[in-house]
Amino acid sequence: RQFWAPMPMMIWLAIIIELGISNYLDMGILLLIQFANASISFYESNKAGNAIAALKSSLKPSATCKRDGEWKVIDAAVLVPGDTVILGS
């Protein structure tokens, strides 16, 4: 995906043009830029995905419910039919 955005497409076009006019040094530099851009983009996307996963795992929904005659704050995953729940924001 990092290779097909508008800016990388322009760099690919420049690489093809440089190849066509036999300017191999500039073509190599442009290829290096293209692959560096893709590597950095992949790294940043992976890092952002890991941060989102960490946030999701740290956010566990809880609920205030009445169970066995007293109000308790419990994990929302363990709610069962018959629990009275306080709704709020």
Could you measure the distance from the [atom1] atom of [X] to the [atom2] atom of [Y]? Nearest 0.5 Å is fine.
X	Y	atom1	atom2	result
I11	N37	CD1	CG	6.0 Å
Q34	M10	CD	CE	11.0 Å
L55	N50	CG	CG	11.0 Å
L13	L30	CG	CG	10.5 Å
L31	I29	CG	CD1	10.5 Å
I33	M7	CD1	CE	10.0 Å

Joint hydrophobic cluster, [X] plus [Y], side-chain heavy atoms closer than 4.5 Å:
X	Y	answer
I17	W12	no
L25	L19	yes
F35	I15	yes

Reference residue C65; test side-chain contact (heavy atoms from CB on, under 4.5 Å); the match among V73, L79, V78 |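 Looking at V73, L79, V78, the match for C65 under the side-chain contact (heavy atoms from CB on, under 4.5 Å) is L79.
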
Check: S45 side chain, S41 main-chain N or O, donor-acceptor pair, under 3.5 Å =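 It does hold such a pair.
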
Could you give all pairs that pass the side chain to side chain donor-acceptor pair (under 3.5 Å) test and reach residues 67-85, with sequence neighbours left out?
->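 Residue pairs with at least one partner in residues 67-85: R67-D83.
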
